[in-house]
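Remarks on the structure that follows.
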Amino acid sequence: MTVEKNKIRQPRILVFACKWCGLIGADGAGRNRVSLPLNFRVIPVECAAFVEPDAVIRALASGIDGVVVMGCHVGGCRFNDANHHAIKRLELLGDLFDTAGIGRDRLMVSFGTAHEDHQFADVIRKYVDRIEQLEPLEPWVTSLVKK
Amino acid sequence: MSEITVLLCRCFGEIDQTISFATVREKLDKDSNISSSICVDSLCIGRDIDAVISQIRESGVKKVLIGACSGLARGDQAVQNLMDRGIARADIHLVDLREGCAWIHRDNPDGASQKALNLIDMGLVFLKNKDESDDVSVTMNPDVMVIGAGPAGLAAALSLGRFGITVHLLERSSTPGGMLKLITRSYPKDDATTPRLEQYLDQIEKSSFVRFYPRSKISSIKGYMGNFKVRFSSGEEEQSITPGAIIIASGAMVFLPNGLFRYGELGNVISQMELETRFKKGNVTVKNAVFIQCVGARCKDRPYCSTICCPSSIKNAIRIREDNPDTNVFILHRDVMTPGNVLEGYYIKALSRGVQFIRFAEDNPPVIKGEKIIEAVEVYDAITGHTRTIESDLVVLSTPLIPNHDNQHLAEMLDLQLDRYGFFREIYPMHPLETRMDGVFICGSARWPVSSGQAITQGEAAAMKAASVVLKGEVRAFTFSRVPGLKFGHARVTPDSCTGCGNCMAVCPFDAIRLQRIDGKYAYVSRVNKMRCKACGNCVSVCPNGTMQMPEHNYLSVCKMIEKAF
């Protein structure tokens, strides 16, 4: 019973999908009527470089369990090398999460892996499974505050 | 204060068989921001839209939220339909309810309805905070600068001249022609190059639109598509021009095989280009000629195939055989690269003319025997396994084309990328001949080694691309989009709060941001060039205090969307 309690029941996942890759995958998944879990919401962005690390932290702070950032594969960005910069930034953010004790699993960075419907569905399903294994953030944060 | 109308598209039942519109509308009616929610059968049919538009007009509401299919399906069309009927671009937002919700959650209608509500809420906060970037327009300068007067540059300049576009043709040497000057025949048709070149030069001379600048050296290039500012010297004169587009046709260099196969040591070991100059002087009469392919190509230093050496060797081998049928010609190769519908026939022609092809392995190259003159070439035939000794008095080394030394300099001036070998790089295959800088095009061997025929084709193609830029006249910055459709927006700086840290300048992939000194102070403020900006948002996400924002999708709306997501 206690084990069940510490797991995330209905994960809340926020997806920042680049309009030229992740969003095309999401669109393809819709067109092919791929059945997907309800746990994710997509925010379309022009490029993965638009995603501010600050916004990811804010999402986790406001009760979201995991954030996915989807972008084009490296070298295939519509905006020259914008997603190179994005990868570097988000990798650093992952390091920051590790240091802070949240763990880098909370942020998934997927570049060039969600361009097609089945790939998108795969990424979402696997990430939902992974997040379900984690503990919810909120009790952890409140315990820290109490100390 | 109600200010938003929500348009829900049923898509003839595709959406509302999963998402319960009754529940959604019930919740929406309680929202004080929403004046009304309208449910229509289909937004992509003109009749329905007209009815909806008159309803919106009567209510006096400006902003419209569309809940329909995704933008890639018919959603963008629906947005366009509303824009055509007089609703501003900044006042419309599309929420993807069909692909993004109804079709992927058909097994759970209740959850889908809840998700649809969340998505609409996210769309509402997005629309509330949506602003529009101020648009500027720019007049395209009607000139084009062509760098390099080789076959590609000449073809580009001439076809632009035929359009009536003023062309500034810059050339490093004193005469135009490039490598076409050095060779006498071109493959695969074996036509003489001199008449073709003379025809080009004649046309250039007659054309009143092409200005030729010999012995020119570029000192600086500034500006953006439509308004480049170029300073260069032609001979002794300093010149300054303002072209609207730039075509780079600077070509490539021939690799000199110094130290390879005893080149420079024995008199009759020559490179392919030296053989061409011998042909220029007259017929080449030898007893036995041996061509060695891939000298300095497809090796560790230059792993690429130069693509022109095999056909040129075949061309010269056929010519030697035809001039003097008693001569034996051997081509020692690692692979014969004759792709395409014409060149393979050229290879067959060489075989039928009696040119002998011998394959050698990379790790066992041919050896040239002899003390002061060539006596023989010893080669291990990789197919039969025999070592053959070929008596010969001429060895021709086929060397690849290598990038020009000043490519780096030119690339730095224009903020272009070079590939790992040093040739100019295209952005990606969907945009041939285009570079990462708008209005700068590459063609000919500056891009990749090509034959003169291909260089001419590419030159004319680049000319058409440049013409499509400079003939536009006045252009709005919103249309400066590399991707299909209108641009998303431009980044906007609030000068009062900008600290001038320069983070945005460092990450901008289009070099669109500059730091500007504030008058009288030792402080800087960043400035966005709206022509160059492509709205990727890289600067937005590195700005430490939120000064840099994308008006269409600012940080506030991202935060609000996150709050409303679940």
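What you see below is based on every heavy atom in this structure, not just the backbone, and it leaves out hydrogens, waters and symmetry mates. Numbers restart at 1 for each chain; the letters A, B, ... are given by sequence-line order, proteins then strands.
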* Asked: Is the number of heavy atoms from other residues, nucleotides or ligands under 6.0 Å of B:K564 NZ greater than 12?
  ->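 No.
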* Asked: Counting only heavy atoms not in A:R89, do more than 12 sit closer than 6.0 Å to its CZ atom?
  ->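 Count over threshold, so yes.
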* Asked: Roughly how far apart are A:F79 CZ and B:C533 SG, rounded to 0.5 Å?
  ->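 If I round to the nearest 0.5 Å, the distance is 9.0 Å.
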* **Rounded distance (nearest 0.5 Å) linking atom CD of B:E99 with atom CG of A:L23** =>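 Output value for this atom pair is 10.0 Å.
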* Asked: Does any heavy atom of chain A fall under 4.5 Å from the side chain of B:A102, the backbone, both, or neither of them?
  ->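 Neither; nothing under 4.5 Å.
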* Under 4.5 Å from any heavy atom of chain A - which part of B:R106 ->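 The answer is the side chain of B:R106.
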* Looking only at heavy atoms, which of residues 536-543 of chain B get nearer than 4.5 Å to chain A? ->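 Only B:C536, B:G537, B:N538, B:V540, B:S541, B:V542 of residues 536-543 of chain B have a heavy atom under 4.5 Å from chain A.
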* Look only at the side chain of A:D27 and the backbone of B:L72, and say whether a donor-acceptor pair between them is shorter than 3.5 Å. =>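 Flag not set: sc A:D27 to bb B:L72 has no pair under 3.5 Å.
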* **Contact class of A:C18 relative to chain B, heavy atoms under 4.5 angstrom** =>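 Neither part; nothing is under 4.5 Å.
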* Asked: Non-hydrogen atoms of chain B under 4.5 Å away: do they reach the side chain of A:I13, the backbone, both or neither?
  ->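 It is the backbone, since no side chain atom gets that close.
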* Asked: For chain B, which residues from residues 32-42 of chain A lie under 4.5 Å away (heavy-atom distances)?
  ->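 The list, in residue order, reads A:R33, A:V34, A:S35, A:L36, A:P37, A:L38, A:N39, A:F40, A:R41, A:V42.
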* Asked: Which of residues 93-104 of chain A get closer than 4.5 angstrom to chain B, counting heavy atoms alone?
  ->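 Checking residues 93-104 of chain A against chain B gives no residue, so none.
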* With respect to chain A, which residue among B:K534, B:Q417, B:H431 yields the maximal number of heavy-atom pairs within a distance under 4.5 Å? ->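 Among B:K534, B:Q417, B:H431, the one with the most close pairs to chain A is B:K534.
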* To do: Report the option among B:Q114, B:R98, B:H553 that has the most heavy-atom pairs separated by less than 4.5 Å from atoms of chain A.
  =>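 Max contact count across the listed options: B:H553.
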* Min side-chain heavy-atom separation B:R436-A:D81 under 4.5 Å ->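 They are in side-chain contact.
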* Can you check whether B:V558 reaches A:F16 side chain to side chain, under 4.5 Å on heavy atoms? ->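 Side-chain contact under 4.5 Å: yes.
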* To do: Locate the shortest heavy-atom distance separating B:I104 from A:A29; write the atom from each residue and the value.
  =>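 Taking B:I104 first and A:A29 second, the nearest heavy atoms are CG2-O, 3.8 Å.
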* To do: Sort out for me which of A:G63, A:A26, A:A82, A:A121 touches chain B most, counting heavy-atom pairs under 4.5 Å.
  =>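 Most heavy-atom pairs under 4.5 Å with chain B: A:A82.
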Donor-acceptor pairs under 3.5 angstrom involving side-chain atoms of residues 44-59 of chain A: please list them, not counting sequence neighbours.
{"from": "A:D54", "atom 1": "OD2", "to": "B:Y555", "atom 2": "OH", "distance (Å)": "2.7"}
{"from": "A:R58", "atom 1": "NE", "to": "B:Y555", "atom 2": "OH", "distance (Å)": "3.4"}

